[in-house]
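Here's the structure, in structure tokens; my notes come after.
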Amino acid sequence: MLQVSELSASYGAIRAVRNISLHVPEGSLVAVLGANGAGKSTLVQSIAGVHREKTGSVRLGGRAIQKLPLHRITRMGLALVPEGRHVVTSLTVAENLGLSAFSGRSRPDLLDRVYSLFPRLAERRAQEAGLMSGGEQQMLAMGRALMTDPKVLLLDEPSMGLAPSIIDIIYTAIAALHQEGQSILLIEQDATRALQVADHAHLLQRGEVHMSGSPAELANSEDIRKAYLG
Ligand SMILES: Nc1ncnc2c1ncn2[C@@H]1O[C@H](COP(=O)(O)OP(=O)(O)OP(=O)(O)O)[C@@H](O)[C@H]1O
Ligand SMILES: [Mg+2]
């Protein structure tokens, strides 16, 4: 469904992502793990068309998207939930979800899907997003992406800065989406959480894929155990 080949990305002279190839088969959940500064956000931003200084190819459902502008990529079915959420704080929950109408992919029935996945959003639909907790804002950011009925959902560190009980809710939703057949590329620093839900995982170090394999293979590797699992 999503095929990334030899993707490199820079900020001027800094090469943050080097020669990365990865594949998200239809219906699968692929995780990319890595420490602070490993290049995780640069990787997903390059895939989603937010970061433009890059080489290599990105294919969505077989079609090359690496040269397309962001709005066309969204329209083709790729949705990014960025690190730090970025909901529109002055708008209500319902209004934030309504913004996805601009994607050209939004449908009324998708709102029911979002509200059943996150009942908390349904309860707070009239509340200003800026007054919501970090966890609720994460739910809202995911809901907004799901309102575009994405072929592939890109999640950049959905657990960041959240309490364990809230991370449980977020990961229950991620597992439910995976169960429904949603293709997902999950970026995480929290290897324990990500490896519990992933079908396949990659470890990113200094902008490069250092290791790839099944969650069990990565969980058993010395490198991961030392650096991420304690
Ligand atoms: N706007 C920028 N200008 C210059 N360098 C940048 C910029 N954004 C990121 N970098 C550098 O690119 C590298 C990768 O950063 P990136 O944000 O992709 O890492 P990350 O794995 O997402 O880290 P984190 O876990 O902290 O979110 C780092 O060395 C970072 O300093
Ligand atoms: Mg990041």
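Every number for a ligand or one of its atoms is a count from 1 in the order of the listing. Predicted, not measured: the structure shown is a model, and the values here were computed from it. Every heavy atom of this structure was used, including side-chain atoms; hydrogens, water molecules and symmetry mates were not.
Remark: side-chain polar atoms of Glu208 are not paired, donor with acceptor, to backbone N or O of Gln205 under 3.5 angstrom. Between the side chain of Glu180 and the backbone N or O of Leu177 there is no donor-acceptor pair closer than 3.5 Å. Between the side chain of Asp199 and the backbone N or O of Leu29, at least one donor-acceptor pair lies under 3.5 Å. With hydrogens and angles disregarded, a donor-acceptor distance shorter than 3.5 Å links the side chain of Lys40 to the backbone of Gly34. The backbone N or O of Leu99 sits nowhere less than 3.5 Å from a side-chain atom of Glu95 that would complete a donor-acceptor pair. In this structure, the side chain of Gln137 engages the main chain of Met132 through a donor-acceptor pair within 3.5 Å. A donor-acceptor contact shorter than 3.5 Å is absent between the side chain of Ser103 and the backbone of Thr74. With hydrogens and angles ignored, the 3.5 Å screen pairs a side-chain donor or acceptor of Thr172 with a backbone N or O of Asp168.
For the salt bridge (charged side-chain N to carboxylate O under 4.0 Å, His left out) test with Asp149, the passing option among Arg107, Arg144, Arg75 is Arg107; the others fail.
When only non-hydrogen protein atoms are considered, atom 16 (P) of ligand 1 lies nearest to Thr42 OG1, 3.6 Å. In this structure, atom 26 (O) of ligand 1 lies nearest to the protein heavy atom Asn36 ND2, 2.9 Å. The protein heavy-atom contact nearest to atom 17 (O) of ligand 1 is Ser41 CB, 3.8 Å. When hydrogens are left out, the protein atom nearest atom 6 (C) of ligand 1 is Tyr11 CD1, 3.4 Å; that is the closest non-hydrogen contact. Closest to atom 25 (O) of ligand 1 among all protein heavy atoms lies Lys40 NZ, 2.7 Å. Among all non-hydrogen protein atoms, the one lying nearest atom 19 (O) of ligand 1 is Gly39 N, 3.2 Å.
Within the structure, the closest approach of Gly37 to ligand 1 falls below 4.0 Å when heavy atoms are considered. In this structure, Glu157 is part of the shell of residues with a heavy atom less than 4.0 angstrom from ligand 1. Within the structure, the closest approach of Ala35 to ligand 1 falls below 4.0 Å when heavy atoms are considered.
Atom 1 (N) of ligand 1 is approached by the protein to below 4.0 angstrom, counting heavy atoms only. For atom 13 (C) of ligand 1, a protein heavy-atom neighbour is found at a distance under 4.0 Å.
Residue contacts with ligand 1: Ala38 is placed with a nitrogen or oxygen under 3.5 Å of a nitrogen or oxygen of the ligand (distance criterion only).
Atoms of ligand 1 found under 4.0 Å from any heavy atom of Gln189 (numbered from 1 in listed order, with element): 25 (O).
Between the Mg ion (ligand 2) and Glu83 there is an N/O/S contact shorter than 2.8 Å. Checking Ser41 against the Mg ion (ligand 2), an N/O/S atom falls under the 2.8 Å cut-off.
Classification of Arg85 and Asp156 as a salt-bridged pair fails, no side-chain N sitting under 4.0 Å from a carboxylate O.
Across Arg206, Glu83, Glu53, heavy-atom proximity to atom 27 (O) of ligand 1 is greatest for Glu83.
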